[in-house]
Each structure stands twice: as structure tokens, then as C-alpha cells.
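Start at 1 and go down the list; that is how both ligands and their atoms are numbered. The analysis underlying the following values was restricted to heavy atoms, covering all of them including side chains, and did not include hydrogens, waters or symmetry mates.
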Amino acid sequence: MERKLVLEWVPSCDLENSAAKETPEAHQKAWKLLKGADGVLVPGGFGDRGVEGKILAATYAREKNVPYLGICLGMQVAVIEFARSVMKLGGANSTEFDPATASPCVIFMPEGSKTQMGATMRLGSRRTHFLANNCKSAKLYGNATSIDERHRHRYEVNPEMVPLLEKAGLSFVGKDESGRRMEIIELPNHVFFIGAQFHPEFKSRPGKPSPLFLGLIAAASGQLDLLLKRSCSVISSKPTPPRYSTNGTGTAVLTIKPYPNGHAKKALTSLVNGCYANGNGIHI
Ligand SMILES: NC(=O)CC[C@H](N)C(=O)O
């Protein structure tokens, strides 16, 4: 790859319009970081702090054709963003953040109990079936017909709204075995815009990175076509324990800059080896 990965953490609440007045310097800094990035990763989270900023990051990436990977809440905000901006459903939201929304594109999973939060999370390894093999995510997973990835969520894309979202151009390329639970979204006409309801980071390892992370980094450095041509091996279906859990703040947006002339000289299939995160001590 000959690239050195630079990760910048952007507090998503600083991207919000309210921050322009309240904390103008932080707002300016956050937008500068986002606009300087070659790729954007919106991770998972719980609670509404910073969610509007995550939605703004998704809008930016979609409109500017900047590679985007949304994980769990990062996928849900991409759906909300699409409903608001493309389908013109201004008040579209998740019922997690606006229980009275007129356009609930993300809803509480029917099998969970709202009053009893304990043991209501959809957790652990679940199967995702790919519905189209010409989508980027299936190719990244080595043209697999199904994959097993780990989960941690209470809300899901509203299956009743899926036909409308699809008609407007959002592809649901991975679903669970019932076909009613959405697992992977893609924007077909975008350089790389993928959202996953599951958490690829739980099974990703330094020497065996998740195909979705590889895809994001390859797209951010203009090497996605090359990566897609190579056959990536399918991630093992054996469940492995999570490496870390989400911290619940739901505020960060991660931006990615794969600079040229870096030290990572490994082959594309292990390109995350040798990459580093600046300032945070976080290694992918
Ligand atoms: N892990 C997550 O990102 C969870 C997303 C969202 N809060 C849910 O419960 O569905």
C-alpha cells in the first residue's frame, strides 16, 4: 500500500450547528478535520449526544463522495440522513432519539422490552445473508453468500420503510435469515458508502482486519478497485470474544487520511499492519 494511516477523532457534537454559536473554535476545528479526511468512519453509540453531528458527517460524506463506513449507530444515522435529505422526510429519526417522529426509519426491535433494559440487547454472533453478489461488501468478504458477525443493539432499520428507502436508491444488500432485519446498506453510485448493523471491530484483528475496514482504507487511498479484484478470505464463522466494547458516549466521528510515503509496506491484504493512530494511542 505504501501508505501511513492517520486517524483523527472528531467530536461529533462539535460539528452541530449549535456549536457554531456556543463553541465556534471547536466547530471550526471539527469541520476542518472532517473536510481534510479521505475517509469517514462513524462508530456505534447509545443516547442522543452528538447524533445530529454524526448525521451531518454522513451528509457530508454522501454528498462529497467521500468513503464512509457506518457501524451500528453509524449505519442507523446514514439511513436517517438518507430519509431526511434524499426522501425529503425532514423529521425522519430513530425512535431512540425522537419517539414521536412521523418518519420512524429506525425503531425499537419488537422482541426487546422497553421497560426492562437488562438482557434486551441483540448480542453476539448472527448471520447476515448477502442478497446481491455485485455489491462492494459481498466482494470484500470474498464473494461470500453469508457471514457471521457480532452484534450489540436494541434498535433496527424499520422494515416497513425499507421498500421506500430502496425505491429512493439506498440498497439493503445484507439481511438476517428472516429477510426483515437489515444488516448492511450501500449506496451503489457512491465510491464507498457502507453501513453495517453489526460490529466488524469485534472480530477484526491486527493481522486479519475486517474486510470492511480494509475496504474503507483502500477506498480512502484510491485502491478499492485493486482490493475488490483480489479475493479476500471470508472471516471465520467461529465466534470469538469481543476485544473491547463501545463506551456508550456516541459522540465521535473518525476520519482517515492514508498519507503517501508511509512505512506500511505490507501487501494489501494486511495493509492495516504498520498503520498507527496519531495522538490517541489507538491501533486498528
Ligand atoms: N451499538 C450501537 O451502536 C447501538 C446503536 C443503537 N443505539 C441501538 O441500540 O440500536
Student: Provide the number and element of each atom of ligand 1 under 4.0 Å from a heavy atom of Tyr155.
Tutor: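 That gives atoms 8 (C), 9 (O), 10 (O) of ligand 1.
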Student: Please work out, at 4.0 Å between heavy atoms, whether the side chain, the backbone, both, or neither of Glu156 comes within that distance of ligand 1.
Tutor: neither
Student: So does Gln28 have more than 12 non-hydrogen atoms from other groups sitting under 6.0 Å from CD?
Tutor: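 Open: at most 12 neighbouring heavy atoms sit under 6.0 Å from CD of Gln28.
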Student: Is there a polar contact between ligand 1 and Gly44, counting only N or O atoms under 3.5 Å apart?
Tutor: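 No: no nitrogen or oxygen of Gly44 is under 3.5 Å from one in ligand 1.
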Student: Would you mind finding which of Cys72, Gly74, Gly70 brings a heavy atom closest to atom 4 (C) of ligand 1?
Tutor: Cys72
Student: Check this for me - ligand 1, Leu73, N or O atoms closer than 3.5 angstrom, yes or no?
Tutor: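 The answer is yes, given that Leu73 and ligand 1 share an N or O pair closer than 3.5 Å.
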Student: Just so I know, are the side chains of Met182 and Gln197 near enough to count as touching, which here means a heavy-atom distance under 4.5 Å?
Tutor: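 Heavy-atom side-chain distance check fails, nothing below 4.5 Å.
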Student: Test of understanding: given a 4.0 Å heavy-atom threshold, classify the contact between His199 and ligand 1 as side chain, backbone, both, or neither.
Tutor: side chain
Student: Has ligand 1 got any nitrogen or oxygen that is less than 3.5 angstrom from a nitrogen or oxygen of Gln76?
Tutor: yes
Student: So if I count the atoms of ligand 1 from 1 in the order they appear, which ones are less than 4.0 Å from some heavy atom of Arg154?
Tutor: 8 (C), 9 (O), 10 (O)
Student: Taking the side chain as every heavy atom from C-beta outward, state whether Ile71 and Leu41 have any pair of such atoms under 4.5 Å apart.
Tutor: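 Yes, at least one pair of side-chain atoms sits under 4.5 Å.
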Student: Could you grab the distance from atom CG of Leu212 to atom CG of Leu216, nearest 0.5 Å is fine?
Tutor: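 The distance works out to 9.0 Å.
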Student: For Tyr68, give me all partners under ring pair (Phe, Tyr, Trp, His ring centres under 6.0 Å), at least two apart in sequence or on another chain.
Tutor: Phe193
Student: Just by distance, do the side chain of Gln76 and the backbone of Ser94 share a donor-acceptor pair under 3.5 Å?
Tutor: no
Student: Taking ring pair (Phe, Tyr, Trp, His ring centres under 6.0 Å) as the test, write out the residues that go with His129, two or more places apart.
Tutor: none
Student: Suppose I only count heavy atoms of Phe46 and a 4.0 Å limit; which atoms of ligand 1 are within that range?
Tutor: 1 (N), 2 (C), 4 (C), 7 (N), 9 (O)
